[in-house]
4 protein chains.
Amino acid sequence: MASPSRVETIANDTKEASDVGGVAGVRLKQLVERIERLEEEKASIGTDIKDVYGEAKSTGFDVKTIRKLIRLRKMDEQKRNEEDELLDLYRAAIGL
Amino acid sequence: MASPSRVETIANDTKEASDVGGVAGVRLKQLVERIERLEEEKASIGTDIKDVYGEAKSTGFDVKTIRKLIRLRKMDEQKRNEEDELLDLYRAAIGL
Amino acid sequence: MASPSRVETIANDTKEASDVGGVAGVRLKQLVERIERLEEEKASIGTDIKDVYGEAKSTGFDVKTIRKLIRLRKMDEQKRNEEDELLDLYRAAIGL
Amino acid sequence: MASPSRVETIANDTKEASDVGGVAGVRLKQLVERIERLEEEKASIGTDIKDVYGEAKSTGFDVKTIRKLIRLRKMDEQKRNEEDELLDLYRAAIGL
DNA sequence: ACCGTGGTTAGCTTTC
DNA sequence: GAAAGCTAACCACGGT
């Protein structure tokens with residue numbers, strides 16, 4: 001059911017409908033595969049993160065607390081970024 | 001697990017990065033940094049994915065359709081995996 | 001801490017701030033109570049489900065397997081729905 | 001909808017393997033259907049809850065705040081229950 | 001009794 | 001500005 005022809009069929013049903021087995025189908029397939037590849041990587045890193053939390057836990061740390069910690073640090077960073085942006089805005093406003 | 005040192009560790013992680021009398025503070029810091037590094041990578045890949053969708057869009061494909069396509073393909077895969085697991089479960093249930 | 005006046009205060013802090021003890025407070029209270037009532041029903045059904053699993057178990061069935069079974073059936077249904085949606089999407093993409 | 005034979009087949013693969021199309025299969029099917037029926041009801045109530053929140057929103061209330069409110073009230077209730085249990089414990093301890 | 005897994009829910013981001 | 005999809009946290013159950 002998820003045969004290659006299926007992917008091409010889909011390409012045909014989109015904008016390039018007259019392009020049976022042609023360049024649009026190939027292009028779409030490439031795009032789909034790139035996305036799936038990237039999502040795999042992303043999921044893999046997600047697993048790594050989980051592992052680190054697991055390691056933290058088995059070292060005796062409280063996972064929930066660590067999560068809070070990280071959230072706080074991220075918020076701090078965002079806050080800093082916003083302040084920087086504001087500064088840039090001001091600098092632009094007065095012409096550098 | 002909720003030893004006195006644990007409480008101290010938590011205190012150290014909030015206000016002061018330096019670790020009063022123990023190695024735990026250093027260890028925690030390492031863990032936090034590893035997690036933050038990984039989350040950065042993950043976010044970066046998320047950006048890449050977005051870019052690919054943008055590329056698809058400017059090539060004339062319908063992004064929403066591609067997303068659905070990918071979701072469907074993922075569901076197929078999950079379903080296959082779950083069915084395999086189910087089979088194992090059955091085999092275990094009847095004693096191999 | 002959770003005195004009645006507190007609830008009204010919260011209502012006052014939303015859009016209808018000038019409405020101390022007035023109609024907005026009453027309205028909010030009604031909404032909260034409706035939600036709580038519905039959540040009670042929901043929890044009650046959750047208990048029922050648990051009971052059925054318990055019954056299944058004491059009849060000799062393997063609970064984990066039944067759960068997987070149900071999950072799989074749900075996935076089938078979702079997949080079917082998504083495929084229908086995808087079809088609609090395609091039809092829209094090629095102009096009906 | 002999966003065919004009936006599918007469900008029976010599954011029943012046959014569990015503990016009562018020698019019971020092809022027999023009483024265990026029927027029993028399992030009944031259990032699965034009861035659970036699915038209940039989960040439908042549960043989902044339906046979930047939708048109702050969402051609707052109420054939507055209604056609250058369009059009345060000008062802040063949904064996030066209402067959620068907090070309800071969480072707080074639930075916590076209060078749990079706390080009260082725990083205190084009641086404790087009280088009962090004491091009363092039992094001193095013989096009513 | 002504890003740990004790990006799975007399910008549920010809430011918050012966030014993005015799209016229309 | 002509303003609606004939807006995605007992600008992440010929380011919670012509860014089942015297994016060991």
Side-chain angles (χ1 to χ4, degrees), chain A residues 35 38-39 42-43 45-47 49-51 53-58 60 62-72 74-75 78, chain B residues 1-2 35 38-39 42-43 45-47 49-51 53-54 56-57 62-72 74-75 78 81-82 85-86 89 92-93, chain C residues 35 38-39 42-43 45-47 49-54 56-58 61-72 74-75 78 81-82 85 89 92, chain D residues 35 38-39 42-43 45-47 49-51 53-60 62-72 74-75 78:
Chain A
I35 292 168
L38 288 168
E39 294 208 324
K42 205 173 140 207
I45 293 175
T47 304
I49 292 172
K50 258 187 122 172
D51 289 347
Y53 277 115
E55 194 182 322
K57 183 174 196 171
S58 62
D62 181 61
V63 170
K64 196 173 172 182
T65 302
I66 295 183
R67 283 189 192 278
K68 277 212 175 93
L69 204 64
I70 286 173
R71 214 183 311 149
L72 285 173
K74 188 185 268 177
M75 282 180 61
Q78 282 173 5
Chain B
M1 279 263 153
I35 292 168
L38 287 168
E39 294 208 323
K42 204 173 141 208
I45 293 175
T47 304
I49 292 172
K50 262 187 110 171
D51 290 346
Y53 277 113
K57 184 172 197 171
D62 180 61
V63 171
K64 196 172 173 182
T65 301
I66 296 183
R67 282 188 191 279
K68 216 161 202 58
L69 205 63
I70 285 173
R71 212 180 314 146
L72 237 27
K74 188 186 266 177
M75 279 185 68
Q78 282 176 7
N81 290 151
E82 294 221 12
E85 282 177 46
L86 189 60
L89 222 51
Chain C
I35 291 167
L38 288 168
E39 294 209 322
K42 207 173 140 209
I45 292 175
T47 305
I49 292 172
K50 257 185 112 174
D51 289 347
V52 179
Y53 276 113
K57 183 173 197 172
S58 62
F61 290 106
D62 180 60
V63 170
K64 195 171 175 182
T65 302
I66 296 182
R67 283 189 191 279
K68 213 160 203 66
L69 205 62
I70 285 174
R71 211 182 314 148
L72 237 26
K74 188 185 268 177
M75 279 185 68
Q78 282 176 7
N81 291 149
E82 294 221 14
E85 282 175 48
L89 221 51
Chain D
I35 291 168
L38 288 168
E39 294 208 324
K42 204 173 141 209
I45 292 175
T47 304
I49 291 172
K50 258 187 123 171
D51 289 346
Y53 277 113
E55 193 184 322
K57 183 173 197 171
S58 62
T59 313
D62 179 62
V63 170
K64 196 171 172 182
T65 303
I66 296 184
R67 284 188 193 278
K68 275 212 176 93
L69 203 65
I70 286 173
R71 215 181 310 150
L72 284 174
K74 187 184 267 178
M75 282 180 61
Q78 283 174 5

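Computed from a prediction, not measured in an experiment: that's the story for all the values here. Chain letters run A, B, ... following the sequence lines, proteins first, then strands; residues in each count from 1.
- The distance from atom CG of C/L72 to atom P of E/dG7 is 11 Å, rounded to the nearest whole Å.
- Listed by chain and number, the residues in a side-chain hydrogen bond (donor to acceptor under 3.5 Å, both in side chains) with D/E55 are C/R27, C/R34 (sequence neighbours excluded).
- In this structure C/R71 satisfies the salt bridge (Lys or Arg N to Asp or Glu O under 4.0 Å) test together with B/E82, sequence neighbours excluded.
- Among residues two or more places apart in sequence or in another chain, the side-chain hydrogen bond (donor to acceptor under 3.5 Å, both in side chains) test is passed with B/K42 by none.
- Considering only residues two or more places apart in sequence or on other chains, A/K74 meets the side-chain contact (heavy atoms from CB on, under 4.5 Å) condition with A/Q78, B/E39.
- Two residues are said to be in side-chain contact when any heavy atoms from C-beta on lie closer than 4.5 Å; B/T65 and B/L69 fail this criterion.
- If you take CD1 of B/I45 and C1' of F/dT7, they are 15 Å apart, rounded to a whole angstrom.
- Regarding C/I66, its CD1 atom lies at a distance of 17 Å from the C1' atom of E/dG7, rounded to whole Å.
- Taking atom CG of C/N81 as the reference point, atom P of F/dA4 lies 15 Å away to the nearest angstrom.
- With sequence neighbours excluded, no residue forms a side-chain contact (heavy atoms from CB on, under 4.5 Å) with A/K50.
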Seminar exercise, completed: Once base and sugar-phosphate atoms are separated, protein heavy atoms under 4.0 Å mark nucleotides 8-16 of chain E, 5' to 3', with B, S and - as SSSSS-S--

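- Here F/dG15 presents its P atom at 10 Å from CG of B/L89, a figure rounded to the nearest Å.
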